[in-house]
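Here the structure comes first, spelled out in structure tokens, and everything after it is commentary.
Computed from a predicted structure; not experimentally measured. Order of the sequence lines fixes the chain letters, A, B, ..., with proteins taken first and strands second; residue numbering starts at 1 for each chain.
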Amino acid sequence: MDKDLFQYLLRLGDNTLVLGHRVSEWCGHAPVLEEDIALANTALDLIGQTQLWLGLAAEVEGAGRDADKLAMLRDIWGFRNLLLVELPNGDFGRTLMRQFLFDAWQVINLGRLMKSSDPRVAEIAAKASKEAAYHVERSADTVVGLGDGTAESHARMQAALEYLWPYVGEMFVGDDVDAALVAAGVVPDPASLREEYDAFVGRIFATATLEMPESRFTHKGGKNGAFHTEHLGHMLCSMQWLQRAYPGASW
Amino acid sequence: MFNAMVAACISRGKLVAMQPSIDQIWKWLDGVPDPEIPVISLVDLGIIRGVSWQGDTLEVAVTPTYSGCPATAIINLDIETALRGHGIERLELKRQLSPPWTTNWLTDKGRAALEEYGIAPPTAAGGPKRCPQCGSEDLKKVSQFGSTPCKAAWRCNDCLEPFDYFKCI
């Protein structure tokens with residue numbers, strides 16, 4: 001049970017860690033100052049949530065590691081994030097589309113985790129869900145603004161959606177780790193979130209005049225560690241550079 | 001002073017615990033400013049969730065504002081420095097996540113101080129009530145995010161001044 005919970009917490013923590021790092025790559029590069037600040041703030045919230053999830057993961061594992069060690073001293077095959085979040089940022093539109101696709105899932109999943117039978121999971125979910133609700137308000141607004149914007153922004157958002165959509169399904173694929181925790185009332189069944197998710201994102205896409213792809217084909221392997229894209233390794237080289245160059249460095 | 005009081009008790013041959021009252025400690029904590037918005041105290045911010053004596057150890061429960069707020073570590077350091085300065089020797093800071101922090105816990109004194117300082121206090125409506133500079137209600141949101149995790153950027157259409165709004169969560 002603890003082994004499954006450890007894996008599940010790694011998944012949650014790695015999602016926010018990898019996405020948080022990706023979003024932070026925009027710092028100093030966003031199209032306007034306000035968006036730059038917004039992206040950096042979003043990244044900060046995600047890294048904060050990572051500290052909570054990976055902190056609990058380390059506690060559950062009980063092997064003397066902490067959140068920093070889990071984040072900075074694992075290599076690609078140790079990561080359990082969804083493939084969606086490790087994809088490169090692309091243009092601003094694709095970054096915000098990825099953010100929206102993730103935020104929409106976060107608010108639904110965290111809402112269920114708030115009712116977890118494990119109070120440690122429930123309290124982190126309650127904290128993170130407030131931040132996720134704030135994030136989705138902005139990412140949904142931006143998807144609508146750019147989707148229903150100029151011909152150029154519309155085309156870019158539609159292209160971003162089509163590029164990212166085949167990575168969405170992984171959020172709803174369950175495995176033995178999920179099954180054990182679902183049985184214990186710790187986490188929701190991933191598949192049970194799909195209907196609410198599709199209804200929510202479908203509503204936003206309709207307002208954004210974007211066409212939601214019909215295919216349910218999904219790339220997968222990130223959350224169980226079987227397969228990551230070639231992009232994660234490059235990202236980790238940059239994110240973990242300091243610990244790789246100076247192992248054990250601290251301040 | 002506190003140490004002197006303890007010493008006086010011991011010198012009379014009787015060790016009496018001279019613990020400062022819980023009310024006194026809340027007052028001391030109300031003197032610790034928020035590191036990023038120094039016009040309000042940590043008590044005004046609503047992040048001190050409990051103060052109690054556990055035997056001879058003072059326990060202070062602190063809740064984070066935003067999970068990634070970089071001020072959290074400084075806040076803990078400031079609490080510790082302030083209370084040690086008042087003679088508290090045994091101190092334990094506890095992180096309390098639940099229930100999660102809400103801006104409803106800001107004190108009225110804190111709200112007034114924010115506005116006086118130029119930061120519009122949070123409202124349930126999700127936006128500032130009036131410009132903290134000129135009082136106009138003709139306002140425009142510039143960004144949902146601002147210079148710190150707890151603020152958003154707004155502008156007044158009358159005096160044209162940009163200002164911070166304390167996000168309502």
[X] atom [atom1]: more than 12 heavy-atom contacts under 6.0 Å:
| X | atom1 | answer |
| --- | --- | --- |
| B/R90 | CZ | no |
| B/K94 | NZ | no |
| B/E116 | CD | no |
| B/R95 | CZ | no |

Checklist line | B/P64 portion near chain A, given a 4.5 angstrom heavy-atom threshold | finding: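 Its backbone and side chain both get close to chain A.
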
Item checked: Separation between NZ of A/K130 and OG1 of B/T102, rounded to the nearest 0.5 Å ->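 If I round to the nearest 0.5 Å, the distance is 4.5 Å.
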
Check: When rounded to the nearest 0.5 angstrom, what distance separates CD in A/E131 from CD1 in B/I169?
Finding: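 So the gap between those two atoms works out to 6.5 Å.
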
Next item on the list: Evaluate side-chain contact (heavy atoms from CB on, under 4.5 Å) for A/T142 paired with B/Q144, printing each intermediate quantity in order.
Entry: CA-CA 11 Å; A/T142 316; B/Q144 264 161 299; over 6 Å; no

Margin query: Quick check on the structure: residues of residues 34-50 of chain A within a heavy-atom distance below 4.5 Å of chain B, by number.
Written below: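 Heavy-atom contacts from residues 34-50 of chain A to chain B are A/E34, A/I37, A/A38, A/N41, A/T42, A/L44, A/D45, A/G48, A/Q49.
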
Next item on the list: List the atom of B/F145, the atom of A/R138, and the distance in Å for their closest heavy-atom pair.
Entry: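 Looks like CE1-CD, 3.4 Å.
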
Checklist line | Residue among B/T63, B/T65, B/T148 with most heavy-atom pairs under 4.5 Å to chain A | finding: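 Of the candidates given, the most pairs with chain A belong to B/T65.
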
